[in-house]
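The sequence lines fix the lettering, A, B, ..., with proteins before strands; numbering per chain opens at 1. These values consider heavy atoms only, across backbone and side chains, with no hydrogens, waters or symmetry-generated copies. Worth saying up front: this structure is predicted, and the values here are computed from it rather than measured.
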Protein chains: 2
Amino acid sequence: MNFCQACSIRNRAICADLDDTEIALLNRIGRRKNLSAGESLLWEGDQAVFVANVVTGMLKLSTTTGDGREQILGLSYPSDFLGRPYGERTPYDAQALTETTVCVFRRVDFERFAHEHPRLERKLLERTLGELDRSRRWMLLLGRMSAEERLATLLLEISERLAASTCGGDASPLDVFELPVSRQQIADILGLTIETVSRQFTRLREEEIIGMNGRRDVEVLRRDLLEAIVG
Amino acid sequence: MNFCQACSIRNRAICADLDDTEIALLNRIGRRKNLSAGESLLWEGDQAVFVANVVTGMLKLSTTTGDGREQILGLSYPSDFLGRPYGERTPYDAQALTETTVCVFRRVDFERFAHEHPRLERKLLERTLGELDRSRRWMLLLGRMSAEERLATLLLEISERLAASTCGGDASPLDVFELPVSRQQIADILGLTIETVSRQFTRLREEEIIGMNGRRDVEVLRRDLLEAIVG
DNA sequence: CGACTCGTTGAGCCAGATCAAGTGAAGTGG
DNA sequence: CCACTTCACTTGATCTGGCTCAACGAGTCG
């Protein structure tokens, strides 16, 4: 059987440009894998044995200092690529935040395939360049923004990426959405503590810039103000 | 004439895998450009018209918040690639820190060439993946490290990268080197203020972990302690 | 020489960290 | 069905690392 043909990210992931023959070949070297929330796919420092594509669900990529302080490097949404081709070691932990399905390849198989199919390699290059831009924007956040600016930036980014990953095209950002992460994880994404994050949520709620239903359901009431905070 | 044949980074830049015929073609679409210290090559937000390779010298890549706070995203050493292929806009400013020579290509020319020469594209992919790893490691620094840890990390990184970029291979890190950047720029790299950076230098000097001759000449006296600070 | 740039040092302040309860919803089990 | 725990978060009180503001070298250039 051939997963790829029915794959929900067939037209958005790095395999988008491949024709049916190529897809059939790629299908043969990959396999689906389901992860439950909390389960890890990659461990920082391990031999880089696998690479993967996110099909459904969401993961966090993170790294840790020697004494246990965590920094989340990014969230991976459907169609995102995971792992470290052309490298010895996996540079980060990857852990599922929700029920997640990924499409896994042995790194050597994937590299051989990419080698023979430059269109795939180009897609991967484009994606990697995009990731690099995104991670550099995050450096500005971590290096120079206040707690309020950081949370506002994250809320806007999540609302945009969730729209993009659910609706396929470049849909307009969601005004109502569920946070895919806990307060502690938000703190680890933003380089803050959980208490500071909680206080900033309270503030945004008090100023009626956002509304919340329970701990994870966010409604953006004043996108303009949120954008003004980011600057 | 053909710059490439005599190019000092011929074997380390993304053109390393190309044969003589390919190099000759690449040579035809590129040109050398000299920058004096302080001169800018790319401006954030501009149409991405050029891409380039650093031949000699050093540049900083930076971005700025709406209200003028700067964050340096990285330093570019000889053989590093600059610019944003497959993208509309340049995502950062690039400014020479020293006398610098770069090898510039019009983006469209470069993309066409890359398209026809997958080996080049693969080199660029490998390099971009390496850059992504590096920028993610910097996120841990910016999000979770103390001022002391940040400066120690930077000093170690500079001493390693200067060794690599001067001696070609994987030479051992330099124990005596010249800082390529001012105190203000170090602050902008580390997400700190100039005063904090200055105080940390003083501390490392007092503890005889480093020695300094003037403002820019650093000698690493106790690499072990520097590494211990980083953890 | 003054004017300027770059860096260092000091004094005080504040955003966010740390430490310490408190709350409320969801599960557990008796 | 109600105590009892647990987990995830919130809130309050206090502390502090790094920021801000300000003064002061030490080179450097005209």
Side-chain angles (χ1 to χ4, degrees), chain A residues 37-38 60 65 67-72 97-98 140-155 178-207 210-218 229 231, chain B residues 36-38 60 65 67-72 95 97-98 140-155 178-207 210-218 229 231:
Chain A
K60 64 164 188 169
T65 58
D67 59 337
R69 288 165 285 171
E70 177 172 344
Q71 177 65 49
I72 293 184
L97 295 173
T98 61
L140 180 61
L141 176 140
L142 292 172
R144 292 297 184 211
M145 288 189 184
S146 69
E148 186 183 35
E149 292 169 313
R150 293 183 199 203
L151 184 57
T153 304
L154 182 68
L155 291 174
E178 193 187 331
L179 293 171
V181 283
S182 69
R183 292 290 184 278
Q184 181 58 59
Q185 285 164 341
I186 291 176
D188 289 335
I189 291 172
L190 299 178
L192 298 169
T193 58
I194 185 172
E195 295 94 331
T196 301
V197 170
S198 182
R199 283 185 243 274
Q200 293 302 328
F201 266 111
T202 305
R203 239 183 113 208
L204 291 177
R205 235 185 303 116
E206 279 168 1
E207 290 173 356
I210 63 169
M212 297 204 67
N213 239 317
R215 300 167 158 185
R216 296 226 175 175
D217 292 320
V218 175
I229 291 170
Chain B
S36 32
K60 64 164 187 167
T65 58
D67 59 338
R69 286 165 285 172
E70 176 171 348
Q71 176 64 50
I72 293 183
Q95 187 184 11
L97 295 173
T98 61
L140 180 62
L141 176 140
L142 293 172
R144 292 295 184 213
M145 287 188 185
S146 68
E148 187 184 34
E149 291 170 314
R150 293 184 199 204
L151 183 58
T153 305
L154 182 69
L155 291 175
E178 193 187 330
L179 293 171
V181 285
S182 69
R183 291 290 184 276
Q184 181 59 60
Q185 286 164 340
I186 291 176
D188 290 334
I189 291 173
L190 298 178
L192 298 168
T193 58
I194 185 174
E195 295 94 333
T196 300
V197 170
S198 182
R199 282 185 244 275
Q200 294 302 330
F201 265 112
T202 303
R203 238 181 114 210
L204 291 177
R205 234 184 305 116
E206 280 170 0
E207 291 173 357
I210 63 170
M212 297 204 67
N213 240 317
R215 301 168 157 182
R216 297 227 174 174
D217 290 321
V218 175
I229 290 170

Is [X] close enough to [N] that one of its side-chain N or O atoms is under 4.0 Å from OP1 or OP2 there?
{"X": "B/Thr202", "N": "C/dT8", "answer": "no"}
{"X": "B/Thr193", "N": "D/dC19", "answer": "yes"}
{"X": "A/Ser198", "N": "D/dC9", "answer": "no"}
{"X": "A/Arg199", "N": "D/dC9", "answer": "no"}

Can you measure [X] atom [atom1] to [N] atom [atom2] for me and round it to whole angstrom units?
{"X": "A/Arg216", "N": "D/dT10", "atom1": "CZ", "atom2": "P", "value": "11 Å"}
{"X": "B/Leu192", "N": "C/dA15", "atom1": "CG", "atom2": "P", "value": "18 Å"}
{"X": "A/Gln200", "N": "D/dC9", "atom1": "CD", "atom2": "C1'", "value": "15 Å"}
{"X": "B/Glu149", "N": "D/dG17", "atom1": "CD", "atom2": "C1'", "value": "12 Å"}
{"X": "B/Arg203", "N": "C/dT8", "atom1": "CZ", "atom2": "P", "value": "15 Å"}
{"X": "A/Leu141", "N": "C/dG16", "atom1": "CG", "atom2": "P", "value": "12 Å"}
{"X": "B/Ile194", "N": "D/dC21", "atom1": "CD1", "atom2": "P", "value": "15 Å"}
{"X": "B/Ile186", "N": "C/dT8", "atom1": "CD1", "atom2": "P", "value": "9 Å"}

Looking at A/Lys60, A/Gln185, A/Gln184, which one forms a side-chain hydrogen bond (donor to acceptor under 3.5 Å, both in side chains) with A/Glu70?
->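 Passing option: A/Lys60.
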
Which residue lies more 5' along DNA chain D, comparing A/Glu195 with A/Arg144 via nearest heavy atoms |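 Nearest-nucleotide comparison on DNA chain D picks A/Glu195.
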
Output, in order, the C-alpha distance, side-chain angles, deciding distance and verdict of side chain to side chain contact (heavy atoms under 4.5 Å, CB included) for B/Leu192 and B/Ile186.
-> CA-CA 8 Å; B/Leu192 298 168; B/Ile186 291 176; over 6 Å; no

Evaluation steps, side chain to side chain contact (heavy atoms under 4.5 Å, CB included), between B/Asp188 and A/Arg144 = CA-CA 9 Å; B/Asp188 290 334; A/Arg144 292 297 184 211; 2.9 Å; yes

Nearest nucleotide by nearest heavy atom, which residue falls closer to the 5' end of DNA chain C, A/Thr196 or B/Met212?
->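 That would be B/Met212.
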
May I ask you to say what B/Arg205 touches in the nucleic acid, namely base, sugar-phosphate or nothing, with a heavy-atom cut-off under 4.0 Å?
->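 Sugar-phosphate, backbone atoms only, no base.
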
What are the two closest non-hydrogen atoms of A/Val197 and A/Ala187, and how far apart are they?
->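 Here A/Val197 and A/Ala187 meet closest at CG2-CA, 3.7 Å.
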
Over all atoms of both residues, closest heavy-atom pair of B/Arg69 and A/Glu149 =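 Minimum heavy-atom separation between B/Arg69 and A/Glu149: NH2-OE2, 2.7 Å.
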
Check every atom of C/dA17, D/dT10, D/dG18 against the side chain of A/Arg183 and return the nucleotide holding the closest atom.
->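 Between C/dA17, D/dT10, D/dG18, the one nearest the side chain of A/Arg183 would be D/dT10.
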
Look at the side chain of A/Arg215 and the base of D/dA8, then say whether one donor and one acceptor between them are separated by less than 3.5 Å.
->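 Looking at the base of D/dA8, it does pair with a donor or acceptor on the side chain of A/Arg215 (distance under 3.5 Å).
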
